[in-house]
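The structure appears right after this line, and notes come after that.
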Amino acid sequence: MSFTSIIQSAAIKSLSALYGQEFFKKDFQINETKPEFEGDYTIVLFALVKALKKSPEVLGHELGKLLLNNYPELFSSYNVIKGFLNLQIADEQLTAILLQHYNDENYGKQPANQKRVMVEYSSPNTNKPLHLGHLRNIFLGWSVAEILKANGSEVIKSAVVNDRGIHICKSMIAWQQFADGATPDSVKEKGDHFVGDYYVKFNDEYKKEVEELIKSGSTKEQAEKEAPIMKKTQQMLLDWEQGNPGVIELWKTMNSWVYKGFDETYKRIGSDFDHTFYESNTYLLGKDFVREGLEKNILFKKEDGSVWIDLSAENLDEKLVLRGDGTSVYITQDIGLAIQKFEEYHLDKSIYVIGDEQLYHMKVLKEIIRKLGFPFADEIFHLSYGMVELTTGKMKSREGTVVDADDIVEEMVATAEKHTKELGKVNDFSADELRELYEILGLGAMKFYLLRVDPKKRMVFNPEESIDFHGFTGPFVQYTYARIQSILRKVDSEGSVIGDETSDISKLLPLERQLILFLEKYAGTVSDAADEMNPSLIANYVFNLAKLYNSFYAEHSVANAENTEKKNLRLRLSVMTAHIIKSALQLLGIKVPARM
RNA sequence: GGCCCCGUAGCUCAGUGGAUAGAGCAACAGCCUUCUAAGCUGUGGGUCGAACGUUCGAGUCGUUCCGGGGUCACCA
């Protein structure tokens, strides 16, 4: 149990004893004491003043005295300033916590809670390579999945691959028309980039044809419909839906190129999935539910045969759920897949990591499922995140203003190499060890950068300035870990071990106290991050922990401490800090180096 | 236009109704004979977009306005 909740219940009991009435959590607040005041935790008394008709000062002293009296092992002193009762935690309590947890690599993790959750993320189209926006999505989804696991849930990581549809046919047509039989192998290009090139070629050619048609007298609208390459593409989509063997063969071949490229990227960035759904398998799902919805009068049919849902009562207007010709739109299959997920996997919760541009779409989806009468509608959760924008504006693949995922990863790894060589601290590493270190640092910088901000907020990336390795960054935290390992190696080589004495621990110095108090908060942070599905809470916590440890490190020597007791205390502090850094970074998908 | 999100230091961001609003970057000044200087310490930098309201107390809650973005397709 965290200090905050221990203090909370202690205060509730003491207040009831003092004033003979019941109190609850919501009746007062517990905060961390601001650094300019003496104390560790603060009970804010204002809210109690009215109910008890006592001045905050009197109240504070009465409560403070009783707390100290009733919990002498927990509190060592208190003071009252205005309406704030500041409490100091006893040193013995802090050292006890340290002793209990310092060597527990699972500190902060919760036992299984019998909840099964699916997290869907990544969900790329198979017609172009991944870009920076996908990376935010992937890192976010992966991290949230790990955070939920740490809190005891069973998590299924899933991806939906958008592998069919008109956009896929565009690359296929362009390949037929321009590739002259080229393959990723023949031109030595990564498969997803190779296919992406033909998607771009399609758009170039399409634009050219439209312009020519306009020149020869067509209107813009006509030209866009009549352009030969577009007509061919639409025909190909029909052929695909009818299972034309040649088209299916080409589709399979080109998709396999893309998958190979994606797999390479996923492997490098450390992303994985327990299950992949393919849109080509699921796009027909949902039609049955549309029929059911019509029977139940949840949906209605317009004169032209198209099917709609009226959500104007929910402020969501009318939404099309099936085309007039009976074919699916996006939401049709989403309805089907959403239901299939719950029924097949017996989920308690289904999380979708999707950009905030689809907020409306996801609200509608949830509402439709609710109206269809499925009780799990409330357990569909859209984890929406803001777009990654460039200083020059939005990323658009068609206009070539995207930051390619493979490129940026490569750049980060190269930057890690440059810094490492300049510092020259690991000149004895083998080539393999160096390569591994560069990956750990480069990806650490990249992931931390994308995860340290609140997912909900859109973020700006400046391609001109490379991502930093100093300050509020992954490498800063990794560096702190490496420093601790260095201490532990030194102590180990001297043949010392951490003693198991518990008595005679001298008074804690301010930075030692602060560190223990901060380490204690890790479990609460992991739990908050899970409740809010927000990895940035972990990133902020672990950065502040590293910062605090670095101050401690600069101020006090561990290996050459004043005496054995201090040395043991500081070794424990260091070991626990290292464990938590490793654990927290793992939740962000970031690895730690033993040296850097 | 309807609905939704966002405006905090020059830049990128924390701040979950409580005390004099905090970090990182950038700028400036110090600190390596001692466990890794990718570090530490310090200085400067703010009408929290604006106004009104609720409250003992508002960056945080409410209303209105201003500025930016998203979305409202028989697109995906």
Side-chain angles (χ1 to χ4, degrees), chain A residues 29 31 33-34 36-37 42 44-47 49-50 56 81-84 86 125 127 162 165-168 279 302 304-308 312 314-331 355-361 363-364 384 386-387 389 391 394 416 419-420 422-423 425-426 441 445 449 452-454 456-462 465 468-480 482-491 494 528 531-532 536-537 539-540 543-544 546-547 549-561 570 574 595-596:
Chain A
Q29 267 180 55
N31 297 336
T33 306
K34 295 229 160 195
E36 56 266 37
F37 301 98
T42 297
V44 184
L45 303 163
F46 296 107
V49 167
K50 210 180 267 178
I81 299 170
K82 294 198 278 181
F84 302 96
N86 301 318
N125 292 344
N127 62 344
N162 298 303
I166 193 83
H167 52 296
I168 306 300
E279 195 190 307
K302 290 198 175 174
D304 58 8
S306 58
V307 181
W308 297 71
S312 43
E314 286 80 13
N315 241 334
L316 295 168
D317 300 319
E318 290 183 352
K319 177 92 178 170
L320 175 89
V321 294
L322 199 67
R323 289 196 188 101
D325 62 5
T327 60
S328 300
V329 286
Y330 222 152
I331 201 152
D356 60 12
E357 57 194 354
Q358 293 198 38
L359 273 163
Y360 172 76
H361 178 87
K363 267 189 195 168
V364 170
S384 93
M387 298 287 105
E389 289 174 21
T391 32
K394 288 190 69 174
H419 285 307
T420 304
E422 277 167 9
L423 291 166
K425 294 179 184 180
V426 288
L441 296 177
Y449 179 83
R452 69 181 198 184
V453 300
D454 188 330
K456 287 193 292 294
K457 299 198 176 177
R458 61 199 168 91
M459 58 187 294
V460 179
F461 174 75
N462 186 350
E465 300 169 14
D468 221 314
F469 279 60
H470 304 268
F472 187 13
T473 67
F476 172 90
V477 181
Q478 290 169 319
Y479 174 68
T480 310
R483 276 180 139 183
I484 296 175
Q485 297 313 304
S486 178
I487 295 175
L488 298 180
R489 277 193 301 271
K490 180 185 158 88
V491 169
E494 289 167 353
D528 289 347
D531 292 346
E532 295 179 30
S536 79
L537 298 182
N540 276 282
F543 167 66
N544 284 312
K547 206 157 57 113
Y549 185 87
N550 280 323
S551 298
F552 161 82
Y553 177 97
E555 192 71 26
H556 305 297
S557 179
V558 177
N560 300 312
R570 290 180 193 161
S574 302
R595 289 174 56 194
M596 63 185 275

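Side chains included, hydrogens not; waters and symmetry mates left out as well; all remaining heavy atoms used. Every chain is numbered from 1, with letters handed out A, B, ... down the list of sequences. Just so it is clear, the structure is predicted and the values come from calculations on it, not from any experiment.
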> When all nucleic acid strands are considered with a 4.0 Å heavy-atom cut-off, which category describes A:Gly165: base, sugar-phosphate, or nothing?
Replying inline: nothing
>> Using side-chain hydrogen bond (donor to acceptor under 3.5 Å, both in side chains), reason through A:Thr480 and A:Asn550 one step at a time and then give a plain yes or no.
In response: CA-CA 7 Å; A:Thr480 310; A:Asn550 280 323; 3.2 Å; yes
>> Does the protein touch nucleotides 11-21 of chain B at the base, only the backbone, or not at all? Give it as B, S and - per nucleotide, heavy atoms under 4.0 Å.
In response: -SSS-BSBB--
> Reckon A:Arg483 has a side-chain N or O less than 4.0 Å from the OP1 or OP2 of B:A37?
Replying inline: yes
>> With a 6.0 Å cut-off on the ring centroids, do A:Tyr549 and A:Phe552 count as close?
In response: yes
>> Give the dot-bracket line for RNA chain B from 5' end to 3' end: parentheses for intra-strand Watson-Crick or G-U pairs under 3.5 Å, square brackets for crossings, | for inter-strand pairing, dots for unpaired.
In response: (((((((..((((....[...)))).(((((.......))))).....(((((..]....))))))))))))....
>> Side chains of A:His361 and A:Ile331, heavy atoms from C-beta outward: is any pair under 4.5 Å?
In response: yes
> For A:Lys319, which contact category applies under a 4.0 Å heavy-atom criterion: base, sugar-phosphate, or nothing?
Replying inline: nothing
> Checking all strands, does A:Ala559 fall into the base, sugar-phosphate, or nothing category for heavy-atom contacts under 4.0 angstrom?
Replying inline: base
>> Categorize A:Leu441 for me: base, sugar-phosphate, or nothing, with a 4.0 angstrom heavy-atom threshold over every strand shown.
In response: base
>> Using every non-hydrogen atom in the two residues, find where A:Val329 and A:Leu322 come nearest and quote the distance to one decimal.
In response: CG2-N, 4.3 Å
>> Rounded at 0.5 Å granularity, tell me how far OH in A:Tyr479 sits from OG1 in A:Thr473.
In response: 12.0 Å
> So what does A:Ser557 hit on the nucleic acid, given a heavy-atom distance under 4.0 Å: a base, only sugar-phosphate, or nothing?
Replying inline: base
>> Less than 4.0 angstrom between a side-chain N/O of A:His470 and OP1 or OP2 of B:G39, yes or no?
In response: yes
>> Under 4.0 Å from OP1 or OP2 of B:U41: is there any side-chain N or O of A:Ser551 that close?
In response: yes
